[in-house]
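Working notes, structure below.
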Amino acid sequence: MQTVLLDVMKIPVDDPVAFTFFTGYMAMAAASVFFLFERGTVADKWKTSLLISGMITGIAAVHYYYMRDYYISTHSTPVALRYIDWTLTVPLMVIEFYLLVRSAGAKIGLLWKLVLAAVFMLVCGYIGEAFTDGSKTHSNLWGSLSTLGYLYILYSAWYGEIAQLAAKSDSVAVRKGVRYLSWFILVGWAIYPIGYMAMPGGLLGPDGLNLLKTSSLDLIYNLGDAINKIGFGLVVYSIARSESVVQAHPQQDVVAGARGKVVA
């Protein structure tokens, strides 16, 4: 059975990959509208962060629109479109880290290191996936190189410069936000290497341990994108709202803090 959309697109009802392409597109588009409209509810210093969150999901929505059609037409993985999306959105996601800790003294050098690590991670991943010959050597080599960029971002978020700057921040919301985003890097971003290893030549794919089918690749990537891109934005939004409320009612915050000290 197939569902016909506007007499143009036929969506197989028993194909979860096609389903997640379509819902991913709609979820990203809705999230983008939400973040951009909510910019007016936060303090000025957080407007850029919400703008970037809206850009991340907006760019992803456009690419999911085309990836959805590509998959429905060919039933193959839209590798080039997916990496174009990631090359634009992943650097924007690490910029969110920089914006969070900028008030704690982050230098522009941190921003460039994070962006370069993200680009290196993506370029190596693209070479490994787009130009694979099905051999384990090719997949493992470029997958390992790509992982180096990921590990640098992960280390910076948990123990390195980002973590140290967050620890010095006077804002409880910023410290919590950095920790939440760090969990996204650790757990959420780990979804992508799992998907990478499902491809031909990958460790978990049919030529390796055979734990994942090649058809699982897009399903894993689609779920990972929705969790990470929308989740990243929601964390930033919650921080922005929390900080904006404190800024709007500073006297209440001081009184609450004084009461806490008295109780302690």
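Counting heavy atoms from C-beta outward, Y150 and I185 have side chains that approach closer than 4.5 Å. At a threshold of 4.5 Å between non-hydrogen side-chain atoms, the residues E243 and I239 count as touching. Proximity of Y66 to Y25: side-chain heavy atoms (C-beta onward) are nowhere separated by under 4.5 Å. K113 places a side-chain heavy atom less than 4.5 Å from the side chain of Y152. The closest side-chain heavy-atom distance from W189 to M93 is below 4.5 Å. Side-chain contact between L110 and I162 is present, with at least one heavy-atom pair separated by less than 4.5 Å. The closest side-chain heavy-atom distance from F21 to D69 is not below 4.5 Å. Between Y221 and L217 there is a side-chain heavy-atom pair separated by less than 4.5 Å.
Rounding to the nearest 0.5 Å places CZ of R39 at 10.5 Å from OG1 of T41. Taking CG of L100 as the start and OG of S171 as the end, the distance is 9.0 Å to the nearest 0.5 Å. Atom OH of Y98 and atom OG of S156 lie 13.0 Å apart (nearest 0.5 Å). To the nearest 0.5 Å, the span separating CD1 on I127 from OH on Y83 amounts to 10.0 Å. Here the CG atom belonging to L165 is positioned 9.5 Å from the NZ atom belonging to K107, to the nearest 0.5 angstrom.
The side chain to side chain contact (heavy atoms under 4.5 Å, CB included) test with I95 singles out one residue from L111, V90, I56, and that residue is L111. When T20, D218, T77, D15 are each tested for a side chain to side chain donor-acceptor pair (under 3.5 Å) with Y71, only one passes: D15.
Closest approach of R241 to V42, counting heavy atoms only: CD-CG1, 4.0 Å. Closest heavy-atom contact between S169 and R175: O-NH1, 2.5 Å. Heavy atoms only, all atoms of each residue included: G54 and S32 are closest at O-OG, 2.9 Å. Looking at every heavy atom in both residues, L219 comes nearest to P16 through CD1-O, 4.0 Å. The minimum heavy-atom distance between F35 and L50, with the atom names listed, is CB-O, 3.9 Å.
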Q: Evaluate side chain to side chain donor-acceptor pair (under 3.5 Å) for Y159 paired with Q164, printing each intermediate quantity in order.
A: CA-CA 7 Å; Y159 304 106; Q164 293 166 11; over 6 Å; no
Self-check item: Test log, rule ring-ring contact (aromatic ring centres under 6.0 Å, His included), inputs W86 and Y126
Solution: CA-CA 10 Å; W86 288 345; Y126 179 68; over 10 Å; no
- prompt: Under the ring-ring contact (aromatic ring centres under 6.0 Å, His included) criterion, do W183 and W158 qualify, and how do the steps go?
  reply: CA-CA 9 Å; W183 276 108; W158 279 95; 5.0 Å; yes
Go through it in stages, so that I can follow the logic: the residues are H63 and L88, the test is side-chain contact (heavy atoms from CB on, under 4.5 Å), and I'd like the CA-CA distance, side-chain angles, deciding distance and then a yes or no. CA-CA 11 Å; H63 283 88; L88 295 171; 4.1 Å; yes
| message | Quick one, L92 with I59, criterion side-chain contact (heavy atoms from CB on, under 4.5 Å). Give me CA distance, side-chain angles, the key distance, then yes/no. | response | CA-CA 11 Å; L92 288 173; I59 291 169; 4.0 Å; yes
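Note on F97 and L116: separate hydrophobic clusters, where clusters join Ile, Leu, Val, Met, Phe, Trp and Tyr whose side-chain heavy atoms are under 4.5 Å apart, directly or indirectly. Both L141 and M197 are part of a single hydrophobic cluster, where members link through side-chain heavy atoms under 4.5 Å apart.
Between D85 and K229 a salt bridge is recorded (basic side-chain N to carboxylate O distance below 4.0 Å).
Between Y237 and F34, the ring planes are perpendicular. Angles over 60° get that label, and only those under 30° would be called parallel. Using the six-membered ring where Trp is involved, F232 and F184 have ring planes that are perpendicular, over 60° apart on the 30 and 60° scheme.
Residue-environment remark: OH (Y180) stays at or below the threshold of 12 foreign heavy atoms within 6.0 Å. In Y65, the OH atom is not crowded: 12 or fewer heavy atoms of neighbouring residues, nucleotides or ligands sit closer than 6.0 Å. Atom NZ of K176 has 12 or fewer heavy atoms from other residues, nucleotides or ligands within 6.0 Å.
S242 places no side-chain N or O within donor-acceptor distance of the main-chain N or O of S238, the cut-off being under 3.5 Å.
R82 and N222 are linked by a side-chain donor-acceptor pair at a separation below 3.5 angstrom, with hydrogens and angles left out of the test.
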